[in-house]
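Only one structure is covered here, and it is reproduced in the block below.
The figures here come from the full heavy-atom set of this structure, side chains too, leaving out hydrogens, waters and symmetry mates. Numbering of residues begins at 1 and proceeds along the displayed sequence.
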Amino acid sequence: MDTRVTDTLPARLFLLACDAQKGRLTGGAEFGYAVRAAVLSELEERGCLRDEGGRARPAGDRRTGDPVLDGVLREIAGYGRLRKWHWLVHRKRRDTCLALEQQLESAGMIKIGRGTFGRKRFQVADPALTERLRADAETALLDGGPVKAVPRPRAALTTMAALAHLSPGLSRWVTAKNRKRLKELIQHTGVTGIALKKALDSRKAAMSSGGGGG
C-alpha cells in the first residue's frame, strides 16, 4: 500500500467520503464538485496556480509529479485563456474523480468492486484513516478556537467536506447550525473554498428552477 498518495488534498477527501459499511461514496452529485475544488486547492497551495482577478493562472510549466493534479493542470493550460475558479470546479468532474479512483486503487488504498445493478463498491484498505480524516474535519468545524489557527490544508479539507456533506458529522443540520464558522473556514481556505460554494449554490439554483445540475 502506497500511503504517499494521501499527501494530496483530493486523495484525503476521497478517503474521507468512503462509507466503509455501505461500500459507497457519500455526498451524491456534490462529491465531484468537492473533488475538483480540492484539486484546485492543492494546485494553488503548491504554487502551480495563482489567482489573477478571480481567475486561475497556471504558473508557467510547473508540474507536481502527481498524475491527477498534473492532468487538471494541463487541462487548465489548454483552455487558452484564464477561467474563473468556480467554472473550473464545474468542469470534467467525472474525469477527475475517475482518475483519482484509479490512482488510489493502484496505490492499494482502495479496492473497487461491483454491487447490485453493476454499481461500484468501494472498500478502504485503512478504515481507521477515514475515521481520522472525518474527525479532523468535524473538529475543525465544531472547535471554538480561532479559525486562523487552523492550518490551511485542514481548513480546506473541512470546507470541501462540509459544503458537500461528505461525513455524517457534517450533515446539513450540523453545517447550518455552524454556518458562521463554516463561512470563516471558507474565507480562510481562499479562492477555492469560495469557488466550491459558488458552484454548489449555482447547482442548487439550477435544480430548483428545473434546469438540472450536470
Side-chain angles (χ1 to χ4, degrees), residues 3-21 24-47 49 51 66 68-69 85-86 88-89 93 96-97 100 104 109-110 122 124-201 203-204:
T3 58
R4 288 174 298 177
V5 297
T6 60
D7 289 341
T8 72
L9 177 61
R12 293 195 298 274
L13 190 73
F14 190 105
L15 294 170
L16 180 152
C18 286
D19 186 326
Q21 291 185 334
R24 63 177 177 83
L25 297 171
T26 58
E30 295 171 333
F31 172 72
Y33 289 85
V35 167
R36 283 287 294 191
V39 170
L40 297 175
S41 184
E42 183 75 25
L43 288 170
E44 186 201 14
E45 186 73 16
R46 295 189 185 206
L49 289 176
D51 181 58
D66 181 284
V68 176
L69 299 177
W85 294 91
H86 71 273
L88 292 170
V89 170
R93 303 186 302 277
T96 303
C97 287
L100 186 56
L104 289 168
M109 299 299 295
I110 62 171
F122 297 90
V124 184
D126 185 3
L129 175 58
T130 291
E131 293 306 314
R132 287 197 300 273
L133 290 168
R134 288 183 173 185
D136 282 349
E138 291 164 15
T139 301
L141 178 65
L142 302 176
D143 186 13
V147 166
K148 288 186 178 180
V150 179
R152 193 164 175 265
R154 187 180 177 196
L157 179 71
T158 304
T159 292
M160 312 306 176
L163 287 174
H165 309 293
L166 301 183
S167 170
L170 298 171
S171 66
R172 282 175 168 77
W173 183 85
V174 172
T175 53
K177 186 178 179 181
N178 296 275
R179 63 170 63 89
K180 182 178 183 293
R181 185 168 177 87
L182 177 55
K183 184 177 180 180
E184 292 173 353
L185 284 164
I186 292 170
Q187 294 296 324
H188 186 35
T189 298
V191 290
T192 54
I194 296 168
L196 175 58
K197 186 175 189 309
K198 189 168 185 177
L200 290 175
D201 285 348
R203 176 182 181 273
K204 184 178 180 180

What pairs with [X] under side chain to side chain donor-acceptor pair (under 3.5 Å), at least two apart in sequence or on another chain?
| X | answer |
| --- | --- |
| T26 | none |
| R36 | E75, T96 |
| D126 | none |

Shortest non-hydrogen contact between [X] and [Y], atoms and distance:
| X | Y | answer |
| --- | --- | --- |
| A34 | M160 | CB-O, 4.0 Å |
| V174 | G169 | CG1-O, 3.4 Å |
| L166 | F31 | CD2-CD1, 4.0 Å |
| L13 | A161 | CD1-N, 3.9 Å |
| A162 | L182 | CB-CD1, 3.8 Å |
| W85 | L40 | O-CD1, 3.9 Å |

So how far is it from [X] [atom1] to [Y] [atom2], rounded to the nearest 0.5 Å?
| X | Y | atom1 | atom2 | value |
| --- | --- | --- | --- | --- |
| L170 | T175 | CG | OG1 | 7.5 Å |
| L49 | L43 | CG | CG | 5.0 Å |
| I194 | I186 | CD1 | CD1 | 8.0 Å |

Q.
Give me each pair satisfying salt bridge (Lys or Arg N to Asp or Glu O under 4.0 Å) with a member in residues 168-182, each pair once, sequence neighbours excluded.
A.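 For residues 168-182: E30-R172, K180-E184.
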Q | Stepwise side chain to side chain contact (heavy atoms under 4.5 Å, CB included) test for L15 and M109 | A | CA-CA 8 Å; L15 294 170; M109 299 299 295; 4.0 Å; yes
Q: Decide yes or no on side chain to side chain contact (heavy atoms under 4.5 Å, CB included) for T8 and V68, but give the supporting numbers first.
A: CA-CA 10 Å; T8 72; V68 176; over 6 Å; no
Q. Is H86 reaching over with its side chain to a backbone N or O of K198, donor-acceptor style, under 3.5 angstrom?
A.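 Answer holds: no.
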Q | Pairs involving residues 151-160, ordered by first then second residue, that meet side chain to side chain donor-acceptor pair (under 3.5 Å) (sequence neighbours left out) | A |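 Residue pairs passing side chain to side chain donor-acceptor pair (under 3.5 Å), neighbours aside: E44-R152, E45-R152, T159-T189.
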Q.
Please list all pairs meeting side chain to side chain donor-acceptor pair (under 3.5 Å) that have one or both residues in residues 129-151, counting only residues at least two apart or in different chains.
A.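 Every side chain to side chain donor-acceptor pair (under 3.5 Å) pair that includes a residue of residues 129-151, provided the two are not neighbours, is E138-S167.
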Q: Please report the C-alpha distance between R93 and V35 in whole Å, then the side-chain angles of each, then the deciding distance to 0.1 Å, and finally whether the side chain to side chain contact (heavy atoms under 4.5 Å, CB included) criterion is met.
A: CA-CA 8 Å; R93 303 186 302 277; V35 167; over 6 Å; no
Q.
Check whether F122 forms a cation-pi arrangement with R24 (NZ or CZ under 6.0 Å from the six-membered ring centre, at most 45° off the ring normal).
A.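 Relative to the ring axis of F122, which defines the angle, R24 lies outside at least one limit.
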Q) For L163 and Y33, what are the C-alpha separation, side-chain angles and deciding distance, and is it a side chain to side chain contact (heavy atoms under 4.5 Å, CB included)? A) CA-CA 10 Å; L163 287 174; Y33 289 85; over 6 Å; no
